[in-house]
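Take a look at the structure set out below.
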Protein chains: 2
Amino acid sequence: MKYTYTHPRPAVTADCVVFGLDDEDLKVLLIQRDNAPFEGCWALPGGFARVGEAIEETARRELAEETGLKGVFLEQLYTFGDPHRDPREHVITVAYFALVNLAAHTVRPDTDARNAAWFEIEDVPELAFDHNRILQTACQRLRGKIRYVPIGFELLPRKFTLRQLQQLYEKILDRTLDKRNFRKKILKMDILAELDEIETDVAHRAARLYSFDKRKYDRMTEEGFNFEL
Amino acid sequence: MKYTYTHPRPAVTADCVVFGLDDEDLKVLLIQRDNAPFEGCWALPGGFARVGEAIEETARRELAEETGLKGVFLEQLYTFGDPHRDPREHVITVAYFALVNLAAHTVRPDTDARNAAWFEIEDVPELAFDHNRILQTACQRLRGKIRYVPIGFELLPRKFTLRQLQQLYEKILDRTLDKRNFRKKILKMDILAELDEIETDVAHRAARLYSFDKRKYDRMTEEGFNFEL
DNA sequence: GCAAAAGTGTTTAATATACACCCATGA
DNA sequence: TCATGGGTGTATATTAAACACTTTTGC
């Protein structure tokens, strides 16, 4: 089938930078490419936009097709339109970043990708296209955003300890935080629900579990409160 | 000439939300459309992406063609990809927002647009496509960003008084600020250069002029300082 | 009983806020 | 001389930062 236009058009793709937290390590999900260009090279999951499909849907569909991930937190990151970022032709990509907690979502490699795997942020190899740059932009955005929007909870299991939360922040912000001050601050915000449960299977005193109370948070932001760590 | 592809492609455009400050009023630059759809309707300046042209260049080129504005501060805002946002077909638009100071840039209507004009933000009429929504997104971004990145200076003349700066912030943040506290805070940041000049042609005591010292600011941000008003 | 992490308060410094008057200038 | 905005300081409240020990639990 052929599709003809009076003017040449750049192609459009959507790519996803998927962050996951695994035993306190921040990782990113990559796929190994099946086809040219960059065959065999690691890359961000993503693919071509379809006509009639919202661009975010493109991102979600490709993510599901290539990695099996569904229903994740997804937010638009930036649109990269350099005409030489794809050696074949002018391809504009709308990049998204996603946050998942690894315990709740299992990844299965699928048709388009020979393989999908989690990489430690520091150990990411040379990627296809300008994907290293996109990843870098995503890391910056994550660091910038996590300080004043409580998106960090997307990376944790539904029930978590304050230590897990603190370690997450320390990992992303790349500095240590004072335990007492951290707890004081986050609890005072009143966006966590204290559960009647404690962690299990730990070789020391078990910590209380908490969950993020989105309803409280939404109510507070409406009233002009701002989260800021 | 015809251009043929094996898969259908959405079209891509770039649109600009241009903010300008005029006698302490925040305005946005609109053009009146010459062609269908939405002929005669007011819209954001913008147009179709060319193959081989970086998408930001599309935005700059269209802005210059339609309004005569060149060399302005331009930053990517968001990409809108709803398949029904253009009644003709699926058009993805990469929206940018621009800041200009009206004194330094003159606007001349040009080929594509029958007319270009500045509108008070509050008086913007029903626009073509989803441009009202894009404008709204841009306003939010401007408000959010101006508090922690000193982009406000782009809206002012090179030399300005502290009153002008404060009024700008009050306009955008939509609340009054205490004069003494504002001056203390902004001067303590040490990103303004105090000039040996005062304003002229005012019917009261003339205020000292300042200019934004980008070099100082860049040096400070590198050292991990953060502007925050 | 010891290793490992949970949990908890206070002091001090820094920052934000609230607030009012005299001064210079041009009309 | 009056109207208009320029320019300035201090006291108080709030928030951030620094800091160490006791408790619980599993091994």
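Every chain is numbered from 1, with letters handed out A, B, ... down the list of sequences.
In this structure, Phe182(A) atom CZ and dA18(D) atom C1' are separated by 17 Å, rounded to whole Å. In this structure, Glu194(B) places its CD atom 14 Å from C1' of dT8(D), rounding to the nearest Å. A straight line from CD of Gln166(B) to P of dG5(D) spans 13 Å, rounded to a whole angstrom.
Every residue two or more places apart in sequence or in another chain that forms a side chain to side chain contact (heavy atoms under 4.5 Å, CB included) with Arg85(A) is listed here: Asp15(A), Phe80(A), Asp82(A), Val91(A), Thr93(A), Phe129(A), Asp130(A), His131(A), Ile134(A).
Glu170(B) and Arg175(B) are not joined by a salt bridge, as no carboxylate oxygen comes within less than 4.0 angstrom of a charged side-chain nitrogen.
Among Ile151(B), Leu156(B), Val18(B), the single residue meeting the side-chain contact (heavy atoms from CB on, under 4.5 Å) criterion with Leu99(B) is Ile151(B).
Aromatic pair Phe160(A)/Phe153(A): centroids less than 6.0 angstrom apart.
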Check your understanding: Which nucleotides of nucleotides 5-16 of chain C have their base under 4.0 Å from a protein heavy atom (B), which only their sugar-phosphate (S), and which neither (-), written as one string 5' to 3'?
Key -> SBBBBB------
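Annotation: Arg163(B), atom CZ; neighbour count of heavy atoms from other residues, nucleotides and ligands within 6.0 Å is above 12.
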